[in-house]
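We name chains A, B, ... by the order of the sequence lines, and we start the count at 1 in each one. All figures in this text were calculated on a predicted structure; none of them were measured in a lab.
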Number of protein chains: 2
Amino acid sequence: MAAGLTERRQLILKLVVQEFVETAMPVASDALVRKYRLGVSSATVRNELAALEDLGYLTHLYTSAGRVPTDAGYRFFVENLMERTSLSLPEQRMIRHQFYQVRGELDQWVQLAGAVLARTAQNASLVTPPRSSDPLRFRHLELVAIHESMALAVLVFHGGIVKQQTLTLDADRSPDDLRRVAGRVSDLLTDLTLNGVEELLNTDAQQPQPSFGDFERLLADLVVRAMHAFEEQVQEQIYSDGLIEMLSQPEFIPALAREDAERAVQRMRHALEILKSGRGLGQLIPQALASDGVQVIIGGENSTNEMREYSIVLARYGVDRAVAGVLGIIGPTRMAYPRSISTVRYISSLMSDLLTELYSTEQRPPEEDNA
Amino acid sequence: MAAGLTERRQLILKLVVQEFVETAMPVASDALVRKYRLGVSSATVRNELAALEDLGYLTHLYTSAGRVPTDAGYRFFVENLMERTSLSLPEQRMIRHQFYQVRGELDQWVQLAGAVLARTAQNASLVTPPRSSDPLRFRHLELVAIHESMALAVLVFHGGIVKQQTLTLDADRSPDDLRRVAGRVSDLLTDLTLNGVEELLNTDAQQPQPSFGDFERLLADLVVRAMHAFEEQVQEQIYSDGLIEMLSQPEFIPALAREDAERAVQRMRHALEILKSGRGLGQLIPQALASDGVQVIIGGENSTNEMREYSIVLARYGVDRAVAGVLGIIGPTRMAYPRSISTVRYISSLMSDLLTELYSTEQRPPEEDNA
DNA sequence: TATTAGCACTCTCAAGGCAAGAGTGCTAAG
DNA sequence: CTTAGCACTCTTGCCTTGAGAGTGCTAATA
């Protein structure tokens, strides 16, 4: 099948990757022979290792220190060598059960997915909330008095998105009054996008007899503000979990990583900032949103230098064209790719199912013509 | 005033604390004399240092390595020596401005408070959401169809708490139908606590002619579930931010902390777990909720061994008897207490003001923004 | 031609030793 | 009570050294 590698070299590359992923220590020719009962001597394996190194799949840190896979080595492993497994059935069941327990609570899904990903793959996780590719569309507004001069506005949008805003009332208003005004504004704005609402408000203001009274206009402005805020905020929203899991990897533990402890700490801080700020993964998210299946980005393959030591396993989840998000694992390049990939695949399909159940038959709003 | 310490010893203790907090290095007699132009020789200062050590306010790591404050030393400093400052006016203004920008968005306050605390005090922050001391009280229920067989229930409780739940509909229902049922359930349950709702449901079930139809009962059960979930969850909810800020303290940077890098890493991981799990600060939160003013817990003074190397500065915020939460700073015992305390004091009073505006039933004059 | 045994070579890693430096504690004098 | 002076202690960094690990190479072998 693949790029002119003899069977044996492929086998050895595979073993090196597996061994290194497992132990986090450079793997020696001798160790391979002993552990896997290859029918050959260590010298032969050494020759093969040297060849694999020439081909760019392995490296040395120094003259005499076992081999370590390069990014290309991992890539070849992922593409051609690894066995495609799935999570075990008990694991799947356990995860499904956890999602079952928060059924209905849409806003918990993202968080749960992050936690499960992290724990299952023993690395950090990234999840973006499901988002519609269509612009946000207003549905419904509800006013609840908190006291005489204050009310809570609950704004409901298509797709089950809910925002709350408090507002100061210009005058004392009865609950009935509030309900009537809210109903009126809801009716006027229902199914409109942000553009639609703004347009409506503009044209209405020019009418000799505006349909929006003062208070209604105040509410509409609130809606506009909230929609603006949402559009801005949602771009960047990346939920992340599993920092501790990732930092339990040997890379971050100086005693295990045979090297300067200083390094480990810097790496730790570095990882922290990547997760906190989402820096270095800017293009990856939209890219993953546009593709199908599980994406694997290994080390410096794609993104900036920042990420040179990390790999990312990402997948899209959601309902075609309606709502979608991205979820995945991030960790050191020395990652258990088969497990990460099957975890991401399983969770993403699970989330997709959940969302499909929710959105599949949704009545779509009447078509509206605006840019 | 305080425990038989001469003026000079107090001065020296104060200087040692300040110096150590600033530099994170053990402070030497010589350095003190030079830097602060004490009119005496280093030998004199050494005698005083020795005395302060005998009294338990300072220690040595080893024979010849400057002094470091003990927990008792910090305590004395906080109680008697430090100057009570406030945040500078420009800082206050900047912070107020940030809160102004999220006015109305109740659910952002906690997050913002956490971020501001952390950035201002350069340590990690803890914030619990404002919570009523009264049990949760239902107010209002709203149903919005998502598609034929699915609806979103928006549950509004007293105090502006909103939960959302999706539910599967037993039959196709018109929007009007949904509104009517929601209104009916709202009316029946309004102002009830969890106990109240459960009781009502129980007695109603025994009536020959129950007021709750099948669908209404389903909704009521949903309410019960949500209230249960809230009561359980809210206990533990601690929002935390500023991990990076805290980990930028020299304690966590092996190059600066003159000691085993191993230590620094372990400490880092340890801090991480404390923040993630809230372990080790169990009793502190309720305790702070019950007290007034800013609490300072230094090192092992109070909690478990876990926290021996950390200090916490906590304050309650909220409206008397109505809603309250706790916010504060956590960091190494070598902490800039004056700044932490004034930060916590300021943010807590700011949050209190915001909440008061929201919950007090007195009509307040419209706020003037003089930015 | 592919494999293998043997061996020299390289580099790391841990331990030990050594010198410099920092800062104290103590003593004795002012 | 203060201070100068000095010995003493402990750290820290640097260097050296020896052991060990694992390779790369060479030459013999099937």
Side-chain angles (χ1 to χ4, degrees), chain A residues 5-9 11-12 15-16 19-20 23-55 57-69 250 253-264, chain B residues 5-9 11-12 15-16 19-20 23-55 57-69 250 253-264:
Chain A
L5 276 187
T6 65
E7 286 288 328
R8 193 170 67 186
R9 283 186 188 165
L11 173 64
I12 289 179
L15 293 180
V16 170
E19 191 67 11
F20 183 62
T23 65
M25 312 269 280
V27 354
S29 56
D30 193 37
L32 277 185
V33 174
R34 259 186 293 109
K35 181 154 178 185
Y36 295 98
R37 323 240 166 225
L38 310 177
V40 295
S41 77
S42 66
T44 308
V45 174
R46 271 203 291 286
N47 287 332
E48 299 290 56
L49 290 175
L52 285 166
E53 181 160 358
D54 285 345
L55 292 168
Y57 295 125
L58 298 177
T59 351
H60 270 157
L61 303 187
Y62 49 93
T63 343
S64 127
R67 297 312 206 290
V68 162
I253 301 180
L256 297 180
R258 303 304 197 62
E259 52 154 30
D260 209 343
E262 188 86 14
R263 276 283 152 97
Chain B
L5 276 187
T6 64
E7 286 286 329
R8 192 170 68 184
R9 284 185 186 164
L11 172 64
I12 289 179
L15 293 180
V16 170
E19 190 68 10
F20 183 62
T23 65
M25 314 267 280
V27 354
S29 56
D30 194 37
L32 277 186
V33 174
R34 259 186 294 107
K35 182 155 179 184
Y36 295 98
R37 322 240 165 224
L38 310 178
V40 294
S41 77
S42 67
T44 307
V45 174
R46 271 204 291 286
N47 287 333
E48 298 290 56
L49 290 175
L52 285 165
E53 181 160 358
D54 284 345
L55 293 167
Y57 295 125
L58 299 176
T59 352
H60 266 160
L61 303 187
Y62 49 93
T63 344
S64 125
R67 295 311 205 292
V68 162
I253 301 179
L256 297 180
R258 304 304 198 62
E259 52 152 31
D260 210 343
E262 188 85 14
R263 277 285 152 96

Exercise for the section: Figure out the CG/C1' separation between Leu52(B) and dG25(C), and round it to whole Å. Expected result: 16 Å
Completion exercise
Atom CG of Leu49(B) and atom C1' of dT3(D) are separated, to the nearest Å, by 15 Å
Practice task
May I ask you to verify if any side-chain N or O of Thr44(B) is less than 4.0 angstrom from the OP1 or OP2 atom of dT3(D)?
Solution key: yes
Handout entry: Validation row: Leu5(B), Tyr57(B) side chains within 4.5 angstrom (heavy atoms)
Key = yes
Practice task
Determine the contact category for Val27(B): base if any of its heavy atoms lies under 4.0 Å from a base atom, sugar-phosphate if only primed atoms, P, OP1 or OP2 are that close, otherwise nothing.
Solution key: sugar-phosphate
Problem - Any side-chain heavy-atom pair of Leu52(B) and Arg67(B) under 4.5 Å - result: no
Practice task
Between Pro26(A) and Ala43(B), name the one whose nearest nucleotide on DNA chain D is closer to the 5' end.
Solution key: Ala43(B)
Fill in the blank from the handout: Rounded to 10°, the angle between the first-five-pair and last-five-pair axes of the helix from dT1(C)-dA30(D) to dG30(C)-dC1(D) is 20°
Exercise for the section: For dG25(C), take OP1 and OP2 only and decide whether either is under 4.0 Å from a side-chain N or O of His60(B). Expected result: yes
Practice task
Quickly work out the Arg67(A) CZ to dT23(D) C1' distance and round it to whole Å.
Solution key: 7 Å
Practice task
Would you mind classifying the nucleic acid contact of Ser42(A) as base, sugar-phosphate or nothing, using non-hydrogen atoms under 4.0 angstrom?
Solution key: nothing
Fill in the blank from the handout: From CZ of Phe20(B) across to P of dG23(C) the rounded distance in Å is 14 Å
Practice task
Take the protein atom CG of Asn47(B) and the nucleotide atom C1' of dC1(D), then report the distance between them rounded to whole Å.
Solution key: 9 Å
Problem - Val40(A) side chain reached by Arg8(A) side chain, heavy atoms, under 4.5 Å - result: yes
Completion exercise
Ranking Tyr62(A) and Ser41(B) by the position along DNA chain D of their nearest nucleotide, the one closer to 5' is Ser41(B)
Problem - Shortest non-hydrogen contact from Pro250(A) toward Ala24(A) - result: CG-CB, 3.7 Å
Handout entry: Protein-nucleotide distance (Arg46(B), atom CZ; dC26(C), atom P), rounded to Å
Key = 11 Å
Exercise for the section: Under the side chain to side chain donor-acceptor pair (under 3.5 Å) rule, collect the residues that match up with Ser41(A), sequence neighbours excluded. Expected result: Thr44(A)
Handout entry: Distance-only donor-acceptor test (3.5 Å): side chain Ser64(A), base dA21(D)
Key = yes
Exercise for the section: Rounded to the nearest angstrom, tell me the gap between atom CE in Met25(A) and atom C1' in dC13(C). Expected result: 12 Å
Exercise for the section: Please determine if a side-chain N or O atom of Arg8(B) lies less than 4.0 Å away from the OP1 or OP2 oxygen of dT2(D). Expected result: yes
Exercise for the section: Check side chain to side chain contact (heavy atoms under 4.5 Å, CB included) between Asp30(A) and all other residues, then give those that pass, not counting sequence neighbours. Expected result: Arg34(A), Ser42(A)
Problem - Euclidean distance, Leu49(A) CG relative to Arg9(A) CZ, rounded to 0.5 Å - result: 10.0 Å
Completion exercise
Here the distance between atom P of dT24(C) and atom CG of Asp54(B), to the nearest Å, is 15 Å
